[in-house]
Amino acid sequence: MQETITTPTMSAPSRSSVSTQDRSSATGHASSTDPQPSKPSVAPPPGKSKGPNSGASVRRMRRIIAEDAEWSLAIVPLLRELCIQHIVKNFQNNPILKQLPPEDQQKVLNHLSPDLPLAVTANLIDDEGYWSRCCMQRWPVCYVAKYGGSWKRMFFERHLENLLKYFIPGTTDPAVILDLLPLCRNYVRRIHVDQFLPPVQLLPRPRSGEQSDSGSEGEMEEPAMDHYQLGDLVAGLSHLEELDLVYGVKDCGMNFEWNLFLFTYHDCHSLAATIKACHTLKIFRLTRSKVDDDKARILIRSLLDHPALEELDLSHNLIGDRGGRAAAKLLSHSRLRVLNLANNQVRAPGAQSLAHALAHNTNLISLNLRLNCIEDEGGQALAHALQTNKCLTTLHLGGNELSEPTATLLSQVLAINTTLTSINLSCNHIGLDGGKQLLEGMSDNRTLLEFDLRLSDVSQESEYLIGQALCANREAARQRALNPSHFMSPITAKGPENPVG
């Protein structure tokens, strides 16, 4: 007796179900002629069964669909990756880096958080990529070229500057700054602080009456308003080369007081001792701090015979002739190359002292006296000094009440001086005749490249012809830079003759 299999039908079979049914039917017909019947290997999912025993005789088919189509054993992390993840997660408590191979070190550095404590990262991580992420996260504008192209130096210098700007004497713990020294001593080259906060005044003023602004400004007695003393900090920075300071308060708003902009005598003496002890200091700037003659003399006295100082900037202060004489003495007892006394109160006597020192100086290349009031007496003294000086290249005398007599002497300087490349006489009263004198001096000059005569009452014709002479000098300088051997003397070009013998 032959066994037949009845395949149930579905109301809406799929294409795969139809093909399966066809194969099942073919198998059923073949088995009818065979004495040994066999069961079909694959059967479609049945619908409602019509026979009483059909459910037991039919093998049902089920489709299995994976929940994650991309799941695979191949994406299980390697043991090395798991170790790197563990090192990154526990780096603060167990900083393992130098013991790893170079490629694994870089993977760890790429995943480290910029918020790790500096005590962990400062002396361990030198990777510029990590410090770049630290800087970018903290400051929106990062101009790394100002820091020698080093992101690590930029981070520590700006971090230290922020601590100094918001340090409140008597309130902030000095250890906040001093504890940073072992971490940043090898990276800080420059300190620029444009704000020093005074101590908090807890006691009320003894006088309750109204005070005018002029009265507050004219007070001679100084309260206890000393600022943070830089002595210990600078002593711990072994590579410090530049110190740029402003004693004042930014964004004081309605709490404005003149005492917020007070550079006290105690501040001055402390700063003088600090810069004297810093033998690596090359640039010192103290601007917009109401430095008068007495304080300038204290500071300059500490800089006499300084072994490394090259630039001194005391611009935008209250320095007069006594301070100018102190600066002139510094020119004779230092290797100073740049002196900036712009926007002070230097008059003719101070300029004459500077001129006397300039006549014998062999180091200074830039002198800036703009926005003072040296007048013709001081301008003529400087012009006489330039007839013998052989090193100064830049001279700025803008806004000094100069007139034709100074221009006449400067025209003689232009005819014989071969080192000056830039002169600024803007905002003076040179006049028409003075402009003609300067034009005559320019006819014999081959080295001057910049000459600013704006707002100096010079005629347009003279100013235009002087500009043409400057263009010729600049073109000649460009040709010399492109082909220096062509402009060498014949003896230098040929070289020393070999002795016969």
Side-chain angles (χ1 to χ4, degrees), residues 114-115 117-119 122 131 134-144 146-148 150-185 187-202 223-237 239-264 266-268 270-272 274-275 278 281 283-291 295 299 313-317:
D115 298 324
L118 292 179
W131 294 108
C134 293
C135 293
M136 292 293 186
Q137 175 180 298
R138 187 165 179 183
W139 299 290
V141 179
C142 297
Y143 187 47
V144 71
K146 293 176 58 178
Y147 301 88
S150 172
W151 289 98
K152 189 171 186 179
R153 173 187 166 187
M154 176 182 178
F155 179 85
F156 278 104
E157 287 187 4
R158 296 188 69 171
H159 178 63
L160 180 59
E161 290 167 3
N162 285 341
L163 293 179
L164 292 172
K165 286 171 60 174
Y166 298 105
F167 185 93
I168 302 177
T171 302
T172 307
D173 186 4
V176 172
I177 295 178
L178 297 180
D179 290 346
L180 186 64
L181 284 179
L183 309 178
C184 68
R185 66 169 71 246
Y187 313 110
V188 175
R189 301 287 190 277
R190 174 178 182 263
I191 294 180
H192 170 65
V193 184
D194 56 2
Q195 168 179 282
F196 278 97
L197 296 178
V200 177
Q201 292 182 345
L202 300 178
M225 298 290 287
D226 299 332
H227 302 83
Y228 177 76
Q229 309 302 315
L230 296 170
D232 294 335
L233 172 65
V234 173
L237 300 175
H239 301 287
L240 185 65
E241 297 179 354
E242 182 175 346
L243 199 57
D244 190 345
L245 309 176
V246 178
Y247 281 79
V249 177
K250 300 177 65 177
D251 304 325
C252 58
M254 298 298 294
N255 298 320
F256 172 83
E257 294 182 9
W258 282 112
N259 287 334
L260 298 179
F261 302 86
L262 185 62
F263 178 57
T264 67
H266 187 268
D267 291 334
C268 185
S270 175
L271 183 59
T274 299
I275 58 180
C278 184
L281 189 66
I283 300 174
F284 176 58
R285 298 189 181 99
L286 180 61
T287 61
R288 294 173 288 158
S289 300
K290 301 177 70 173
V291 179
K295 295 173 183 175
L299 292 171
D313 186 352
L314 297 176
S315 58
H316 308 287
N317 283 299

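When reading the values below, keep in mind they use all heavy atoms of this one structure, side chains included, and skip hydrogens, waters and symmetry mates. What you are looking at is a predicted structure, and each value in this text was computed from that prediction instead of being measured.
- Across Pro182 and Asp179, no two heavy atoms sit closer than the pair CD-O, 3.4 Å.
- Nearest approach of Asn162 to Trp139, heavy atoms of both residues: ND2-NE1, 3.4 Å.
- If you take SG on Cys135 and CZ on Arg153, they are separated by 12.0 Å, rounding to the nearest 0.5 Å.
- Screening Thr172, Val193, Ile177, Leu233 for a side chain to side chain contact (heavy atoms under 4.5 Å, CB included) involving Leu163 leaves a single residue, Ile177.
- In summary, of the residues considered (Glu157, Glu241, His239, Glu242), a side chain to side chain donor-acceptor pair (under 3.5 Å) with Arg190 occurs for Glu242 alone.
- For Ile275 against Leu243, the heavy-atom pair with the smallest separation is CG2-CD2, 4.0 Å.
- With a 4.5 Å cut-off on side-chain heavy atoms, Pro199 and Thr171 do not count as touching.
- Judged by distance alone, with hydrogens and angles left aside, the side-chain atoms of Thr274 form no donor-acceptor pair with the main-chain N or O of Ala272 at under 3.5 Å.
- The heavy-atom pair separating Trp151 from Cys142 by the smallest distance is CZ3-CB, 3.7 Å.
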Next on the checklist: Assess the residue pair Tyr147 and Arg189 against the criterion (side chain to side chain contact (heavy atoms under 4.5 Å, CB included)); give the C-alpha distance rounded to whole Å, side-chain angles, the decisive distance to 0.1 Å, and a yes or no.
Outcome noted: CA-CA 8 Å; Tyr147 301 88; Arg189 301 287 190 277; over 6 Å; no
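- Side chains of Thr264 and Asp267: a donor on one and an acceptor on the other come within 3.5 Å.
- Between the side chain of Asp226 and the backbone N or O of His266, no donor-acceptor pair lies under 3.5 Å.
- From Leu118, atom CG reaches atom SG of Cys184 across 9.0 Å, with rounding to the nearest 0.5 Å.
- In this structure the side chain of Leu286 reaches within 4.5 angstrom of the side chain of Phe284, judged on heavy atoms.
- Nearest heavy atom pair, residue Leu183 against residue Ala122, reads CB-CB, 3.7 Å.
- Within a 6.0 Å sphere centred on CZ of Arg288, other residues, nucleotides and ligands contribute 12 heavy atoms or fewer.
- To the nearest 0.5 angstrom, Ser270 atom OG is 7.0 Å from Leu230 atom CG.
- For the atom pair Tyr228 OH and Tyr247 OH, the distance stands at 10.5 Å (nearest 0.5 Å).
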Next on the checklist: Could you go through His192 and Arg285, starting from their C-alpha distance and side-chain angles, then the distance that decides it, and tell me whether this counts as side-chain hydrogen bond (donor to acceptor under 3.5 Å, both in side chains)?
Outcome noted: CA-CA 9 Å; His192 170 65; Arg285 298 189 181 99; over 6 Å; no
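- The closest side-chain heavy-atom distance from Asn317 to Phe263 is not below 4.5 Å.
- Distance alone, capped at 3.5 Å, places no donor-acceptor pair between the Lys295 side chain and the Lys290 backbone.
- Here Lys165 does not pair with Glu161 in a salt bridge; the nearest charged N to carboxylate O distance is not below 4.0 Å.
- A donor-acceptor pair shorter than 3.5 Å can be found between the side chains of Gln137 and Asp115.
- No donor-acceptor pair under 3.5 Å is formed between the side chain of Gln195 and the backbone N or O of Gly248.
- Here OG1 of Thr287 is found 9.0 Å from CG of Leu314. Values are rounded to the nearest 0.5 Å.
- A pairwise comparison of heavy atoms in Leu260 and Pro198 identifies CD2-CG, 3.6 Å as the closest pair.
- For an aromatic pair to be called close, the ring centres must be under 6.0 Å apart, and Phe261 with Phe256 satisfies this.
- Contact annotation: the side chain of Phe155 never approaches that of Tyr187 to less than 4.5 Å [non-hydrogen atoms, C-beta and beyond].
- The distance from atom CD1 of Ile283 to atom CG of Asp244, rounded to the nearest 0.5 Å, is 9.0 Å.
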